[in-house]
Amino acid sequence: MGIEERFTSLLNSRKEEKLEENNKTDKAIVDYKKYDKYLDFTGVIEISENRDLQEFLKQKTREIISIQADDAIKLGEILFEVEKELSRKGSPEANYLKFLDYNGINSKTALRLRKRYELYTLAPEHSKLIISLLSVREIEELYKNKDLLKELNPGVKLIEVKELLKENETEKIENKEKTEEIRTITDFKFLKSSCQDKFESLSEDNQDKVLELLKKIEKIFEKN
């Protein structure tokens, strides 16, 4: 192959690489729009009356939400895998906490990320993106009521899921108020203050479990 042919071949190769790189960039931009049908850009549009600026701000909002939502799922997956592998190897929980500490991740944040990822894997394919967009409180409610995932039919909107979770939470509170007296950790005088402090650091789900156990313990004390 002559010098001219090699030069032409090199140019064509670079053109192909450039085209492939541009295709990847275009794909990334398209991917940012995958959340559009679940989002309301009204607040962003109201920032300016300039159409070009509105589109610019909408695109940047897409990018921010997409990065945050996608990264939350990816981090949740990593933490889920790490916790599972350490448990499988019989490693004490302290090692998992050391791993989190080394990577600068709060244990509560890690738990929330794992819950979001677990729900993401359980959710129907058509509603996975919605799981990525739910608030921390909504993820907690859905995690405690996984059966609600069956109610996420094709075409379900983000606002509908939010309303469903809010209604479910309200209904539970109302039922709880009707069936039993609401108790707090400070009602159990036999507990040391250090135990009460530890209680506050627990997740809402674990706090409910502790309160239920304390009620049973209190009844045993009253019988003796």
>> So Leu122 and Ile131, do their side chains get closer than 4.5 Å, heavy atoms only?
In response: no
> So do Phe41 and Gln54 actually touch side chain to side chain, heavy atoms under 4.5 Å?
Replying inline: no
> Can we say Lys216 and Glu212 salt-bridge, meaning some charged N sits less than 4.0 Å from an Asp/Glu carboxylate O?
Replying inline: no
> CG/Leu129 to OH/Tyr38 distance, rounded to the nearest 0.5 angstrom?
Replying inline: 5.0 Å
> Between Glu63 and Lys60, does at least one N-O distance fall below 4.0 Å, as a salt bridge requires?
Replying inline: yes
> Side chains of Ile105 and Leu79: does their closest heavy-atom pair fall under 4.5 Å?
Replying inline: yes
> Does Lys157 offer a backbone N or O that forms a donor-acceptor pair with the side chain of Glu160 under 3.5 Å?
Replying inline: yes
> Quick one: do Tyr143 and Leu111 end up in the same hydrophobic cluster if we chain Ile, Leu, Val, Met, Phe, Trp and Tyr together by side-chain heavy atoms under 4.5 Å apart?
Replying inline: no
> Where is the tightest heavy-atom contact between Ile139 and Leu119, given as atom of each residue plus distance?
Replying inline: O-CD1, 3.7 Å
>> Run the side-chain contact (heavy atoms from CB on, under 4.5 Å) test on Arg112 and Glu140 for me, step by step, so that the C-alpha distance in whole Å, both residues' side-chain angles and the decisive distance to 0.1 Å come before the verdict.
In response: CA-CA 8 Å; Arg112 289 195 291 265; Glu140 287 292 332; 3.9 Å; yes
>> If I compare all heavy atoms of Ala72 with all of Leu113, which pair ends up nearest, and what's the gap?
In response: O-CD2, 3.7 Å
> Are the side chain of His126 and the backbone N or O of Val156 linked by a donor-acceptor pair below 3.5 Å?
Replying inline: no
>> With clusters defined by side-chain heavy atoms of hydrophobic residues (ILVMFWY) lying less than 4.5 Å apart, directly or transitively, does Leu142 cluster with Leu133?
In response: yes
> Would you say the side-chain atoms of Tyr96 and Asp101 include a donor-acceptor pair closer than 3.5 Å?
Replying inline: no
> Which heavy atom of Ser107 sits nearest a heavy atom of Leu100, and at what distance?
Replying inline: CA-CD1, 3.8 Å
>> Looking at Leu57, is its backbone amide N or carbonyl O close enough to the side chain of Thr61 to form a donor-acceptor pair, meaning the two atoms are under 3.5 Å apart?
In response: yes
>> Which residues pass the ring pair (Phe, Tyr, Trp, His ring centres under 6.0 Å) test with Tyr117, not counting sequence neighbours?
In response: Phe80
> In terms of heavy-atom contacts, does CD of Glu93 have more than 12 from other residues, nucleotides or ligands at under 6.0 Å?
Replying inline: no
> So, Glu118 versus Thr121: side-chain donor-acceptor pair below 3.5 Å or not?
Replying inline: no
>> Looking at Arg88 and Glu85, is there a salt bridge between them, counting it only when a charged N and a carboxylate O are closer than 4.0 Å?
In response: yes
>> With a 6.0 Å cut-off (strictly less than), is the heavy-atom count around NZ of Lys146, excluding the residue itself, greater than 12?
In response: yes
> salt bridge (charged side-chain N to carboxylate O under 4.0 Å, His left out): which pairs involve residues 39-58, sequence neighbours left out?
Replying inline: Glu55-Lys58
> What closest approach, in Å, do Asn50 and Ser48 show between heavy atoms, and which atom pair accounts for it?
Replying inline: N-OG, 3.0 Å
>> I need the single residue from Lys34, Arg116, Lys128 that forms a salt bridge (Lys or Arg N to Asp or Glu O under 4.0 Å) with Asp70. Which is it?
In response: Lys34
> Do you see a donor-acceptor pair shorter than 3.5 Å between the side chains of Glu141 and Asn145?
Replying inline: yes
